Structure formats: C-alpha cells, structure tokens
Amino acid sequence: MPVSLNRQVTGTILVLSGIKRKIMEDHINEFKSIWLAPSMILGLSITKLLSDAVTIFRSRHTSKIDYIPVIWAISIFLWQIQYLWGVIELSEIQYRWQLIDYILLIVLSSLLYVSSALILPDSEPESGVYYETTFMNDGKWALASLSCWAVVAYLFDLKIFYNSPLNQYSILMIVNAMTSILALITGNRFYKGVFAIIYLLLTVFTAWTISPKSY
C-alpha cells in the first residue's frame, strides 16, 4: 500500500474514532443531566433507611426489634445499591432520552424512597407500642410501594433495552412483585416472615444476576 494511501486510511480511522468518542461523551453528559434529580431522590431514600435503622438499633433495649421489617429493609437497601450500580450502564448506551424515560427514573427513585420511609419507624415507639404494631400499621405499605417499583422497573427495562416481556430479568421482577404483594395481603404473621425471607433471597439472586459485573 502506498505511503500516502496508508496515511489517509490512518487519518480516517483516527477521525472516526474521535467522532465516536465525542458521541459517547455527549451521551454521558446528557445522561448526567437526566440522572441528577433521580439520584438526589435515591440518595435521600438511602439516608432515610439508614437513619431509621440506627433509630431502631438504639431503641433495642426498650423495644423488641421485629425481624420482619428488618429483613424487608435489607432487601430495599440491596435494591438501592443495585440501582446505583446498574444505572451506570444507561450512561453508556446510545439512546435518545425522552420525557417518559425521565419520568420513569423519577418514579423508580420515588418508589424506593416511599418504601424506605415506611418500612421502619423514624422514631422510637411509645411505651407499650411494639415494632410489630408499627409495621402492621404503616410498614406493610412499603411492600405495596416495593411491588410497584418492580413493575415500573420491568416496564423501564422493556422500553430501554427492547427485551422480551418473558426474558429472565422480566420473570424475576414479576416474581419479586408478586412476592411482596402476597406478603402484604396475608394476615398470618408466620407467612409474612416466610415471604420476607423468600423476597430477600430473590433480591440477592436477581440483583446479582441482572447487574453488570464490571464496566
């Protein structure tokens, strides 16, 4: 190959590489702007959950800690961490973001915040009131929010990645949503505990399976 032609090919490759890099940088910067508000809500939800967890830990000498909401709180925390890690993937895809995508991200973060705010009490219970009572009154509704979150995450995945409605991720999210609903509607405390443990195991398996292992 003549030297001049070789230089032209090399120059063309460099130009195309530079254009590709510029497009990727534009996508990343665009997603950073979109992710700003959802990330703030998600950060508040993590802060809320950890703050309430510290509250019940401090009150352990005066009030018996109920293991069921604690298990659910662990599951919610795992989803929050998975969300933070998995969302990095969105900054790398070449996708034209729409208003509905922004709304879905806001809804996802908001539902996790509601779940975090309801699952554990934000203050020590009054004398004679137990954590089991506060969970049955308010905490159980965190499960409804968590189920809605799984449904929205399922819809978001279908829209962004154009996956099959019955792929592995979709099935796992549907099962997660159904498990939290079953835990909400059952009136038997034993079964509530069983569903809480099942959901935690499902969360660990699902979060590990769907999360990118590296970037």
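Values below: all heavy atoms of this structure, side chains included; hydrogens, waters and symmetry mates excluded. Note that the structure is predicted; figures quoted are calculated from it, not measured.
- Taken to the nearest 0.5 Å, the CD1 atom of I119 stands 12.0 Å off from the NZ atom of K140.
- Both Y83 and I106 belong to a single network of hydrophobic side chains, linked directly or stepwise wherever heavy atoms of I, L, V, M, F, W or Y lie under 4.5 Å apart.
- Using modelled atom types, no side-chain atom of S147 and backbone atom of A144 make a donor-acceptor pair closer than 3.5 Å.
- W72 has its side chain out of reach of L200: every pair of non-hydrogen atoms, C-beta onward, lies at least 4.5 Å apart.
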Would you be so kind as to tabulate the donor-acceptor pairs closer than 3.5 Å made by side chains of residues 172-179, with sequence neighbours excluded?
unit_1	atom_1	unit_2	atom_2	d
N176	ND2	L172	O	2.6
N176	ND2	T206	OG1	3.3
T179	OG1	V175	O	2.8

- Query: Given the rule in the side-chain hydrogen bond (donor to acceptor under 3.5 Å, both in side chains) test, do Q168 and T209 qualify, once you have shown the distances and angles that lead to the verdict?
  - Reply: CA-CA 9 Å; Q168 183 184 25; T209 301; 4.9 Å; no
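- When hydrophobic clusters are built by joining Ile, Leu, Val, Met, Phe, Trp and Tyr residues whose side-chain heavy atoms come closer than 4.5 Å, directly or via intermediates, L99 is grouped together with I41.
- If you take CD1 on I181 and CZ on F195, they are separated by 11.5 Å, rounding to the nearest 0.5 Å.
- Remark: D66 engages R189 in a salt bridge, criterion side-chain N to carboxylate O under 4.0 Å.
- A distance of 10.5 Å separates CG in N167 from CD1 in I210, rounded to the nearest 0.5 Å.
- Between S211 and E89, the closest side-chain pair of non-hydrogen atoms is not below 4.5 Å.
- Across all non-hydrogen atoms, the minimal contact from A207 to Q82 is CB-CG, 3.8 Å.
- Grouping the Ile, Leu, Val, Met, Phe, Trp and Tyr side chains by contacts below 4.5 angstrom, directly or via other members, places I100 with V87.
- Considering all non-hydrogen atoms of both residues, S170 and Y154 come closest at CB-CE1, 3.2 Å.
- More than 12 non-hydrogen atoms from other residues, nucleotides or ligands lie less than 6.0 angstrom from OH of Y67.
- With hydrophobic clusters built from ILVMFWY side chains whose heavy atoms lie under 4.5 angstrom apart, W35 does not share a cluster with M40.
- With values rounded to the nearest 0.5 angstrom, S109 atom OG is found 9.5 Å from I46 atom CD1.
- Residues F77 and L201 are members of one and the same hydrophobic cluster, defined by side-chain heavy-atom contacts under 4.5 angstrom among Ile, Leu, Val, Met, Phe, Trp and Tyr.
- The side-chain heavy atoms of Y102 and W97, taken from C-beta on, include no pair separated by under 4.5 Å.
- Judged purely by atom type and a 3.5 angstrom limit, D101 uses its side chain to pair as donor or acceptor with the backbone of Q98.
- To the nearest 0.5 Å, the span separating CG on L146 from OG on S115 amounts to 4.5 Å.
- Rounded to the nearest 0.5 angstrom, I65 CD1 and L120 CG are separated by 9.5 Å.
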